[in-house]
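Reading through the C-alpha coordinates given below for one structure.
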Amino acid sequence: MTARATFRVVYRRLYAANGRQHWWPGDSRFEIMVGAVLTQNTAWTNVERAIANLKRAGALTPEAIVKAPHRRLAAWLKPSGYFNVKAKRLKEMCRWLIGRGGVRGLARLSIHDLRAALIAVHGIGPETADDIVLYAFERPVFVIDAYTRRIFARLGLIRGDEGYETLRHLFERALGADAPLFNEYHALIVRHGKDTCRKRPLCGDCCLAGICPTAKE
DNA sequence: TACCAGGAGAAAA
DNA sequence: TTTTCTCATGGT
(Lines give C-alpha, C1' and ligand atoms only; values in the text may rest on other atoms or scores of the structure.)
Protein backbone atom coordinates (compact mmCIF):
# COMPACT_ATOMS: atom_id res chain seq x y z
CA MET A 1 0.00 0.00 0.00
CA THR A 2 1.35 3.45 -0.85
CA ALA A 3 1.93 6.04 1.88
CA ARG A 4 -0.94 8.10 0.50
CA ALA A 5 -3.30 5.14 0.64
CA THR A 6 -2.20 4.14 4.14
CA PHE A 7 -2.69 7.65 5.55
CA ARG A 8 -6.15 7.73 3.99
CA VAL A 9 -7.07 4.32 5.41
CA VAL A 10 -6.10 5.54 8.89
CA TYR A 11 -8.30 8.59 8.38
CA ARG A 12 -11.28 6.53 7.25
CA ARG A 13 -10.92 4.16 10.21
CA LEU A 14 -10.74 7.04 12.68
CA TYR A 15 -13.70 8.80 11.08
CA ALA A 16 -15.79 5.62 11.03
CA ALA A 17 -15.05 4.99 14.71
CA ASN A 18 -15.48 8.55 16.00
CA GLY A 19 -17.48 10.59 13.49
CA ARG A 20 -17.09 14.28 12.76
CA GLN A 21 -15.35 16.29 15.50
CA HIS A 22 -16.51 19.86 14.60
CA TRP A 23 -13.17 21.49 15.39
CA TRP A 24 -11.91 23.97 16.53
CA PRO A 25 -14.14 24.82 19.51
CA GLY A 26 -14.35 28.62 19.55
CA ASP A 27 -16.70 31.44 18.56
CA SER A 28 -14.20 33.55 16.62
CA ARG A 29 -10.79 33.48 14.97
CA PHE A 30 -9.36 35.39 17.91
CA GLU A 31 -10.81 32.92 20.42
CA ILE A 32 -9.20 30.08 18.47
CA MET A 33 -5.85 31.89 18.61
CA VAL A 34 -6.17 32.33 22.37
CA GLY A 35 -7.19 28.69 22.80
CA ALA A 36 -4.19 27.54 20.75
CA VAL A 37 -1.80 29.27 23.15
CA LEU A 38 -3.63 28.20 26.29
CA THR A 39 -3.82 24.54 25.30
CA GLN A 40 -0.03 24.18 25.11
CA ASN A 41 0.70 21.02 27.12
CA THR A 42 -2.67 21.42 28.83
CA ALA A 43 -5.98 19.55 28.84
CA TRP A 44 -8.71 21.39 26.93
CA THR A 45 -11.16 21.29 29.86
CA ASN A 46 -8.77 23.52 31.79
CA VAL A 47 -8.45 25.87 28.81
CA GLU A 48 -12.24 26.23 28.63
CA ARG A 49 -12.29 27.53 32.20
CA ALA A 50 -9.65 30.12 31.47
CA ILE A 51 -11.46 31.29 28.32
CA ALA A 52 -14.71 31.48 30.31
CA ASN A 53 -12.93 33.73 32.82
CA LEU A 54 -11.77 36.01 30.00
CA LYS A 55 -15.29 36.17 28.56
CA ARG A 56 -16.85 36.85 31.96
CA ALA A 57 -14.41 39.71 32.47
CA GLY A 58 -15.08 41.09 28.99
CA ALA A 59 -11.39 40.56 28.27
CA LEU A 60 -11.48 38.29 25.23
CA THR A 61 -10.16 40.95 22.86
CA PRO A 62 -6.58 41.76 21.86
CA GLU A 63 -6.88 45.27 23.28
CA ALA A 64 -8.23 44.10 26.66
CA ILE A 65 -5.50 41.48 27.03
CA VAL A 66 -2.75 43.97 26.21
CA LYS A 67 -4.25 46.48 28.63
CA ALA A 68 -4.82 44.06 31.54
CA PRO A 69 -2.22 44.06 34.34
CA HIS A 70 -0.12 40.89 34.31
CA ARG A 71 -1.40 39.67 37.68
CA ARG A 72 -5.04 40.08 36.69
CA LEU A 73 -4.53 38.33 33.36
CA ALA A 74 -2.60 35.52 35.08
CA ALA A 75 -5.48 35.11 37.56
CA TRP A 76 -7.98 34.69 34.70
CA LEU A 77 -5.67 32.13 33.07
CA LYS A 78 -4.95 30.21 36.27
CA PRO A 79 -7.13 27.14 35.51
CA SER A 80 -5.17 26.49 32.31
CA GLY A 81 -1.87 26.11 34.18
CA TYR A 82 1.46 27.84 33.42
CA PHE A 83 -0.48 31.05 33.98
CA ASN A 84 2.52 33.37 34.30
CA VAL A 85 4.07 32.04 31.11
CA LYS A 86 0.79 32.08 29.22
CA ALA A 87 -0.08 35.60 30.35
CA LYS A 88 3.17 36.82 28.81
CA ARG A 89 2.61 34.79 25.65
CA LEU A 90 -0.93 36.05 25.17
CA LYS A 91 0.17 39.65 25.64
CA GLU A 92 2.96 39.16 23.10
CA MET A 93 0.56 37.64 20.59
CA CYS A 94 -2.03 40.37 21.10
CA ARG A 95 0.48 43.22 20.77
CA TRP A 96 1.74 41.64 17.57
CA LEU A 97 -1.82 41.02 16.32
CA ILE A 98 -2.84 44.64 16.84
CA GLY A 99 0.31 45.75 15.03
CA ARG A 100 -0.59 43.54 12.07
CA GLY A 101 -4.07 44.98 11.72
CA GLY A 102 -5.93 42.32 13.72
CA VAL A 103 -7.28 39.06 12.36
CA ARG A 104 -8.36 40.81 9.15
CA GLY A 105 -4.80 41.90 8.55
CA LEU A 106 -3.55 38.35 9.06
CA ALA A 107 -6.19 36.93 6.72
CA ARG A 108 -4.62 38.88 3.85
CA LEU A 109 -1.25 37.12 4.24
CA SER A 110 -0.20 34.14 2.17
CA ILE A 111 -0.13 30.81 4.00
CA HIS A 112 3.68 30.89 4.02
CA ASP A 113 3.91 34.45 5.35
CA LEU A 114 1.18 33.86 7.94
CA ARG A 115 2.93 30.78 9.27
CA ALA A 116 6.36 32.43 9.35
CA ALA A 117 4.98 35.54 11.05
CA LEU A 118 3.22 33.49 13.73
CA ILE A 119 6.29 31.37 14.50
CA ALA A 120 8.33 34.56 14.91
CA VAL A 121 6.09 35.63 17.81
CA HIS A 122 7.53 34.76 21.23
CA GLY A 123 5.54 31.88 22.70
CA ILE A 124 4.16 30.60 19.40
CA GLY A 125 5.98 27.52 18.17
CA PRO A 126 5.28 25.46 15.03
CA GLU A 127 2.37 23.47 16.46
CA THR A 128 0.57 26.48 17.93
CA ALA A 129 1.15 28.41 14.70
CA ASP A 130 -0.29 25.57 12.64
CA ASP A 131 -3.31 25.24 14.93
CA ILE A 132 -3.99 28.90 14.19
CA VAL A 133 -3.27 28.69 10.44
CA LEU A 134 -5.49 25.63 10.01
CA TYR A 135 -8.33 26.22 12.42
CA ALA A 136 -8.58 30.01 12.61
CA PHE A 137 -7.66 30.79 8.99
CA GLU A 138 -8.68 27.53 7.32
CA ARG A 139 -5.43 27.15 5.39
CA PRO A 140 -4.01 23.68 4.58
CA VAL A 141 -1.20 22.94 7.04
CA PHE A 142 -1.12 19.60 8.84
CA VAL A 143 -0.73 19.94 12.62
CA ILE A 144 1.79 17.56 14.17
CA ASP A 145 1.32 16.96 17.89
CA ALA A 146 2.34 14.39 20.49
CA TYR A 147 -0.67 12.20 19.66
CA THR A 148 0.26 12.17 15.97
CA ARG A 149 3.79 11.04 16.79
CA ARG A 150 2.61 8.37 19.23
CA ILE A 151 -0.12 6.88 17.08
CA PHE A 152 1.77 6.85 13.79
CA ALA A 153 4.93 5.51 15.44
CA ARG A 154 2.87 2.65 16.89
CA LEU A 155 1.52 1.98 13.44
CA GLY A 156 5.12 1.75 12.21
CA LEU A 157 4.58 4.57 9.71
CA ILE A 158 7.10 6.95 11.31
CA ARG A 159 9.91 6.66 13.87
CA GLY A 160 8.37 9.31 16.08
CA ASP A 161 11.49 11.38 16.71
CA GLU A 162 11.55 13.15 13.34
CA GLY A 163 11.62 16.94 13.28
CA TYR A 164 8.34 18.82 13.19
CA GLU A 165 8.75 20.05 9.61
CA THR A 166 9.76 16.60 8.37
CA LEU A 167 6.53 15.09 9.66
CA ARG A 168 4.39 17.99 8.48
CA HIS A 169 5.74 17.63 4.94
CA LEU A 170 5.25 13.85 5.08
CA PHE A 171 1.56 14.20 5.92
CA GLU A 172 1.00 17.05 3.49
CA ARG A 173 2.65 15.18 0.62
CA ALA A 174 0.65 12.04 1.40
CA LEU A 175 -2.71 13.78 1.67
CA GLY A 176 -2.43 16.78 -0.66
CA ALA A 177 -3.30 20.35 0.38
CA ASP A 178 -6.80 19.91 1.79
CA ALA A 179 -7.75 22.14 4.74
CA PRO A 180 -11.09 20.43 5.57
CA LEU A 181 -9.36 17.03 5.54
CA PHE A 182 -6.48 18.30 7.73
CA ASN A 183 -8.99 19.86 10.12
CA GLU A 184 -10.90 16.64 10.62
CA TYR A 185 -7.85 14.38 10.56
CA HIS A 186 -5.97 16.17 13.33
CA ALA A 187 -9.14 16.41 15.44
CA LEU A 188 -9.68 12.67 15.03
CA ILE A 189 -6.07 11.94 16.00
CA VAL A 190 -6.51 13.92 19.22
CA ARG A 191 -9.84 12.23 19.93
CA HIS A 192 -8.32 8.79 19.37
CA GLY A 193 -5.25 9.67 21.41
CA LYS A 194 -7.31 10.87 24.34
CA ASP A 195 -10.11 8.33 24.37
CA THR A 196 -8.61 5.12 23.12
CA CYS A 197 -4.94 4.98 22.31
CA ARG A 198 -3.62 5.93 25.75
CA LYS A 199 -5.67 3.26 27.47
CA ARG A 200 -5.58 0.48 24.89
CA PRO A 201 -2.74 1.03 22.40
CA LEU A 202 -3.47 -0.93 19.23
CA CYS A 203 -5.15 -3.76 21.05
CA GLY A 204 -7.54 -6.05 19.21
CA ASP A 205 -10.54 -3.71 19.35
CA CYS A 206 -8.59 -0.56 18.43
CA CYS A 207 -10.03 0.85 15.21
CA LEU A 208 -6.49 1.13 13.80
CA ALA A 209 -5.45 -2.45 14.52
CA GLY A 210 -4.20 -4.47 11.59
CA ILE A 211 -3.43 -1.54 9.27
CA CYS A 212 0.32 -1.99 9.30
CA PRO A 213 2.16 -5.30 9.86
CA THR A 214 4.95 -3.56 11.80
CA ALA A 215 2.56 -1.93 14.28
CA LYS A 216 3.59 -2.26 17.92
CA GLU A 217 0.85 -3.73 20.09
C1' DT B 1 0.57 9.09 44.91
C1' DA B 2 2.09 9.49 40.35
C1' DC B 3 1.28 10.55 35.86
C1' DC B 4 -0.55 13.02 31.97
C1' DA B 5 -2.44 16.82 29.23
C1' DG B 6 -4.18 19.37 21.87
C1' DG B 7 4.30 22.99 23.82
C1' DA B 8 7.71 26.44 23.91
C1' DG B 9 11.76 28.64 25.36
C1' DA B 10 15.77 28.89 28.28
C1' DA B 11 19.59 26.65 30.22
C1' DA B 12 22.86 23.09 30.36
C1' DA B 13 25.69 19.60 28.33
C1' DT C 1 23.85 21.19 18.14
C1' DT C 2 21.25 18.27 21.11
C1' DT C 3 19.30 17.26 25.52
C1' DT C 4 17.26 18.62 29.80
C1' DC C 5 14.74 21.64 32.68
C1' DT C 6 10.96 24.82 33.81
C1' DC C 7 6.49 26.46 33.70
C1' DA C 8 1.38 24.67 37.00
C1' DT C 9 -3.54 23.42 37.22
C1' DG C 10 -6.94 19.69 37.23
C1' DG C 11 -8.42 14.96 36.10
C1' DT C 12 -7.59 9.93 36.34
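Residue numbers begin at 1 in each chain, while the letters A, B, ... track the order of the sequences. Because the structure is a prediction, the values reported are computed rather than measured. In what follows, every heavy atom counts, from backbone to side chain, and hydrogens, waters and symmetry copies are set aside.
- The closest side-chain heavy-atom distance from A:Ile158 to A:Leu170 is below 4.5 Å.
- Between A:Phe137 and A:Arg29, the closest side-chain pair of non-hydrogen atoms falls below 4.5 Å.
- Within residues 42-54 of chain A, the residues approaching DNA chain C are A:Asn46, A:Arg49, by heavy-atom distance under 4.0 Å.
- What separates CD1 of A:Ile144 from P of B:dG7 is a distance of 13 Å, to the nearest Å.
- At a threshold of 4.5 Å between non-hydrogen side-chain atoms, the residues A:Lys88 and A:His70 count as touching.
- Between A:Phe152 and A:Phe171, the distance separating the two ring centers is shorter than 6.0 angstrom.
- For C:dG11 and B:dA8, the P atoms lie 24 Å apart once the distance is rounded to whole Å.
- Evaluation of the salt bridge (charged side-chain N to carboxylate O under 4.0 Å, His left out) rule for A:Glu172 yields A:Arg168 as partners, not counting sequence neighbours.
- Pairs engaging residues 24-60 of chain A under the ring pair (Phe, Tyr, Trp, His ring centres under 6.0 Å) rule: A:Trp24-A:Trp44, A:Trp24-A:Tyr135 [sequence neighbours left out].
- Within the 4.5 Å cutoff, the side chain of A:Leu134 has no heavy atoms near those of the A:Arg139 side chain.
- Hydrophobic clustering (ILVMFWY, side-chain heavy atoms < 4.5 Å, transitive): A:Val9 and A:Tyr185 are in one cluster.
- Taking every heavy atom of residues 124-134 of chain A and every atom of DNA chain B, pairs under 4.0 Å involve A:Ile124, A:Gly125, A:Pro126, A:Glu127, A:Thr128, by number.
- In this view, A:Lys67 satisfies the salt bridge (charged side-chain N to carboxylate O under 4.0 Å, His left out) rule with no residue, not counting sequence neighbours.
- Nucleotides C:dA8 and B:dA11 place their P atoms 15 Å apart, quoted to the nearest Å.
- In this structure, the NZ atom of A:Lys194 is 14 Å from the P atom of C:dG11, given to the nearest Å.
- Between A:Arg149 and A:Asp161 there is no salt bridge, since none of the side-chain N atoms of the basic residue sits less than 4.0 Å from a carboxylate O of the acidic one.
- Screening residues 173-183 of chain A for side-chain hydrogen bond (donor to acceptor under 3.5 Å, both in side chains) gives no qualifying pairs among residues at least two apart or on separate chains.
- Using modelled atom types and a 3.5 Å distance limit, the side chains of A:Arg56 and A:Asn53 yield a donor-acceptor pair.
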Strictly under 3.5 Å: I want the nitrogen or oxygen pairs between protein and nucleotides 10-13 of chain B, one per line.
none

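- Minimum heavy-atom separation, A:Ile65 to A:Leu73: CG2-CD2, 3.9 Å.
- Annotation: B:dC3 and C:dT6 have their P atoms spaced 16 Å apart (nearest Å).
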Which pairs, protein N/O on one side and nucleotides 1-3 of chain C N/O on the other, fall under 3.5 Å?
none

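- Shown here are the side-chain hydrogen bond (donor to acceptor under 3.5 Å, both in side chains) partners of A:His169, two or more places apart in sequence or in another chain: there are none.
- In this structure A:Glu127 satisfies the salt bridge (charged side-chain N to carboxylate O under 4.0 Å, His left out) test with no other residue, sequence neighbours excluded.
- Between A:Arg150 and B:dA5, a side-chain N or O to OP1/OP2 separation shorter than 4.0 Å is present.
- Listed in residue order, the members of residues 23-41 of chain A having a heavy atom less than 4.0 Å from DNA chain B are A:Trp23, A:Trp24, A:Thr39, A:Gln40, A:Asn41.
- Between the side chain of A:Lys91 and the backbone N or O of A:Ala68 there is at least one donor-acceptor pair closer than 3.5 Å.
- Between A:Leu118 and A:Met93, every side-chain heavy-atom pair lies at or beyond the 4.5 Å cut-off.
- At distances below 3.5 Å, not a single donor-acceptor pair connects side-chain atoms of A:Ser80 with backbone N or O atoms of A:Lys78.
- Annotation: proximity of residues 72-99 of chain A to DNA chain B (heavy atom, distance under 4.0 Å) is found for A:Arg89, numbered in ascending order.
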